[in-house]
Amino acid sequence: MEEKKCPECGKKVGEVDTCPECGCPLNVNSNSTSTNNEEESLLIECEACKKLILRDATNCPNCGHQTEIGAKNEYDDNQANIIIGAIAAIISIVFFLYFYFIVK
Ligand SMILES: [Zn+2]
Ligand SMILES: [Zn+2]
């Protein structure tokens, strides 16, 4: 018989549903169920053409419609550009003050 280990604390546990060490739930059937869910969650439905596309795709390969991830990436890019712009502005101000006081 295979000895079960707690995924949380790594201690060897017997045939119990809950780890006696840390209280972590030990579901024997969780592996097969989670694998199926994972396979299903890899695909999402395109909002525009209703075809199944990869979850992490930024655009639908069928119709080119931008997915939620694509929209989020664009938003993140915009946020990054704002931060880079702010840093560049601060650096230019620091340089301006630096040279201003050096010349003085
Ligand atoms: Zn544990
Ligand atoms: Zn599509």
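Counting starts at 1 for both ligands and their atoms, in listed order. Sequence positions, counted from 1, serve as the residue numbers for this chain.
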SG (C19) - the Zn ion (ligand 1) - SG (C9) angle, nearest 10°: 110°

N, O or S of C6 under 2.8 Å from the Zn ion (ligand 1): yes

F99 with V94, same ILVMFWY side-chain cluster at under 4.5 Å: no

Angle in degrees, rounded to 10°, that SG of C49 and SG of C63 form at the Zn ion (ligand 2): 120°

E45, CD atom: more than 12 neighbouring heavy atoms under 6.0 Å: yes

The Zn ion (ligand 2) reached by C60 (N, O or S, under 2.8 Å): yes

Side chain T67, main chain T58, donor-acceptor under 3.5 Å: yes

L26 side, atom CG; D17 side, atom CG - distance, nearest 0.5 Å: 7.5 Å

